[in-house]
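These notes are about the structure you will find just below.
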Amino acid sequence: MTQTVNELWDPTLDDDRLRADPEADELLTGAVDLHTHPGPSPFPRRMSIMDAAADAASLGFRALVAKSHHHSMQTDILALEQAGLQDIPVKVYGGVALNHTVGGLNPYAVELALRMGGKVVWFPTIASRAHLEFHAHNHSGFPIAGVPLRENEPISVLDATGRLNAATRDILDVIAAESGILNCGHLPAAEIDVLIPGALEAGVTRIVISHPDFVLGASPSLIGDWCRKGAFVEHCLAMLVGREPKDRPFDRIADFYRAAGPGRTILSSDLGQKGNPLPVTAYRRMVRVLLDEGVAPADIKSMTGGNAAGLLSI
């Protein structure tokens, strides 16, 4: 059952949702969140897919993508369309993250997700070597599964010679044929640097790199290089204006912003976890930050909706 927007709000996390900011709200009309984390999930979630859509609709969002690290949400979305999701004026898309619970680098899972209407293929996230090594040495507040799951082993897109392995090449061919969006997941920058040229050679035209300074270890200059080749960089609001907002959130992404430019930059929430603000709350906060930093409204519209809408072909 879908909660009402007021039932979703938490005064300790979303207190500023009741603060009037018509300038920011106007810029979010038509926004697209390319990276939300609703339930169901082994990780504790604050909202369902229906809740996420309803809250996004409350501010005039156009679309969102529901992501799970563990399974393809595309079948969940299709089932919910018959239970009222189609009546919410926000288009919801899914995809598949290539972790162990879907068979890892599994072209069959990719083909099924995309041909069932999914849009995004995330290369390994919680199973990437960079993710596992980072979380072995850092406490980042990343969710812990609420159901027992076996330990991850790292998944690489490279073979012993440092080239893309056969499964990755097969997946790239499927993404290209289905006009899907390739998200580089949590792969280390060195693997992404091999993956992107291989993807372009395979005919993939929609490539996204998420939170370059978290886990990935990608520098602004490297992001600039990848974006000049046709990729987009996605900055996640969970790390900028989430549960513990930074004093100057724009400063964290400023060098990446200058390297990529607003035409190759996407702002996504990466939110939906318990204990974090709602996605729309974070968007309102970040748009206000950008306006106060003097970023042009047209550039804000591109980063909050236009660029992602182009990737989704909507």
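The structure displayed is predicted, hence computed values, not measured ones. These numbers come from the heavy atoms of this one structure, side chains and all, not from hydrogens, waters or symmetry mates.
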Inset, instruction - Please determine, by modelled atom types, if H35 and H37 share a side-chain donor-acceptor pair under 3.5 angstrom. - result: yes
Inset, instruction - For residues G217 and A189, report the shortest heavy-atom separation together with the two atoms involved. - result: O-CB, 3.7 Å
Inset, instruction - Have a look at R284 and tell me which of D14, D25, D15 forms a salt bridge (charged side-chain N to carboxylate O under 4.0 Å, His left out) with it. - result: D25
Inset, instruction - Would you name the heavy atoms of L114 and I175 that are closest together and state the gap between them? - result: CD1-CA, 4.1 Å
Inset, instruction - Establish whether I192 and L132 are linked, either directly or via other cluster members, by ILVMFWY side-chain heavy-atom contacts under 4.5 Å. - result: no
Inset, instruction - Would you kindly say whether T12 and D10 are connected by a side-chain donor-acceptor distance under 3.5 Å? - result: yes
Legend entry - I155 and F123, any side-chain heavy atoms less than 4.5 Å apart: no
Legend entry - CE-CG distance between M50 and D76, expressed to the nearest 0.5 angstrom: 12.5 Å
Inset, instruction - With salt bridge (Lys or Arg N to Asp or Glu O under 4.0 Å) as the test, would you mind laying out the steps for R129 and E191 before giving the verdict? - result: CA-CA 10 Å; R129 184 175 300 280; E191 291 194 32; 5.3 Å; no
Legend entry - Pair N165, T168: side-chain N/O donor-acceptor within cut-off below 3.5 Å: yes
Inset, instruction - Measure the shortest side-chain to side-chain distance between R163 and L158 over non-hydrogen atoms and say whether it is less than 4.5 angstrom. - result: no
Inset, instruction - Tell me who clusters with V120, hydrophobic residues only, linked when side chains sit under 4.5 Å apart either directly or through other members. - result: V32, L34, V65, Y93, W122, I181, V208, F232, I266, L311, L312, I314
Inset, instruction - State whether a side-chain donor-acceptor pair under 3.5 Å links R62 with T29. - result: no
Legend entry - Check: V121 and N183 side chains under 4.5 Å, non-hydrogen atoms: no
Legend entry - Side chain to side chain, E293 and P249, heavy atoms closer than 4.5 Å: no
Legend entry - Atom of V241, atom of R285 and distance for their closest heavy-atom approach: O-NH1, 3.0 Å
Legend entry - Greater than 12 external heavy atoms within 6.0 Å of K274's NZ: no
Legend entry - Straight-line distance of D21 CG to L291 CG, nearest 0.5 Å: 7.5 Å
Inset, instruction - Could you verify whether a donor N or O on one side chain and an acceptor N or O on the other, from N307 and S302, lie under 3.5 Å apart? - result: no
Legend entry - Residue pair R115 / E178, side-chain heavy-atom distance below 4.5 Å: yes
Inset, instruction - Take H211 and E234, measure what side-chain contact (heavy atoms from CB on, under 4.5 Å) needs, and give me the verdict at the end. - result: CA-CA 6 Å; H211 46 66; E234 175 188 77; 5.7 Å; no
Legend entry - Check against side-chain contact (heavy atoms from CB on, under 4.5 Å), L278 and R46: CA-CA 8 Å; L278 293 168; R46 184 179 170 189; 3.6 Å; yes
Legend entry - Side-chain (T281) to main-chain (P277) donor-acceptor, under 3.5 angstrom: no
Inset, instruction - List the steps, then state whether side-chain contact (heavy atoms from CB on, under 4.5 Å) holds for E133 with S128. - result: CA-CA 9 Å; E133 291 179 351; S128 83; over 6 Å; no
Legend entry - S268 vs Y283 side-chain heavy atoms within contact, under 4.5 Å: yes
Inset, instruction - Would you check, one step at a time, whether the test side-chain contact (heavy atoms from CB on, under 4.5 Å) holds for Y257 with V233? - result: CA-CA 9 Å; Y257 177 76; V233 60; over 6 Å; no
Legend entry - Short side-chain to backbone donor-acceptor contact, N99 and H69, under 3.5 Å: yes
Legend entry - A167 backbone acceptor or donor facing D170 side chain under 3.5 Å: no
Inset, instruction - Of all the heavy-atom pairs spanning P40 and M73, show the shortest one and how long it is. - result: O-CE, 3.2 Å
Legend entry - Side-chain H-bond candidate by donor/acceptor type, T161 with D159, under 3.5 Å: yes
Legend entry - Test item: S72 side-chain N/O and G95 main-chain N/O as donor-acceptor pair under 3.5 Å: yes
Inset, instruction - Determine, using the 4.5 Å side-chain heavy-atom cutoff (strictly less than), whether V194 and I209 are members of one ILVMFWY cluster. - result: yes
Inset, instruction - Check the angle between the aromatic planes of H186 and H131 and answer parallel, tilted or perpendicular using the 30° and 60° thresholds. - result: parallel
Inset, instruction - Mind listing the closest non-hydrogen atom pair of A109 and V96 along with its distance? - result: O-CG1, 4.2 Å
Legend entry - Gap separating the OG1 atom of T101 from the NE2 atom of H71, nearest 0.5 angstrom: 9.0 Å
Inset, instruction - Tell me, with the steps shown, if R169 and D173 meet salt bridge (Lys or Arg N to Asp or Glu O under 4.0 Å). - result: CA-CA 6 Å; R169 294 197 303 272; D173 288 341; over 6 Å; no
Inset, instruction - Give me the other members of the hydrophobic cluster that L78 sits in, counting Ile, Leu, Val, Met, Phe, Trp and Tyr linked by side-chain heavy atoms under 4.5 Å, directly or via other members. - result: L112, M116
Legend entry - same_hphob_cluster(L271, L8) at 4.5 Å side-chain heavy-atom cutoff: no
Inset, instruction - Evaluate the side-chain proximity of R288 to E23: yes if any heavy-atom separation is below 4.5 Å, no if none is. - result: yes
Legend entry - Shortest non-hydrogen contact from I207 toward C184: CG2-SG, 4.2 Å
Inset, instruction - Please round to the nearest 0.5 Å and tell me the distance separating atom CG of L290 and atom CG of L267. - result: 6.0 Å
Inset, instruction - With rounding to the nearest 0.5 Å, note down the distance linking CD1 in I196 to CD in E201. - result: 14.0 Å
Legend entry - Enclosure of Q86 CD (heavy-atom neighbours >12, cutoff 6.0 Å): yes
Inset, instruction - Could you grab the distance from atom CG of D33 to atom OG of S269, nearest 0.5 Å is fine? - result: 3.5 Å
Inset, instruction - May I ask you to test the L13-N276 pair for a side-chain heavy-atom distance under 4.5 Å? - result: no
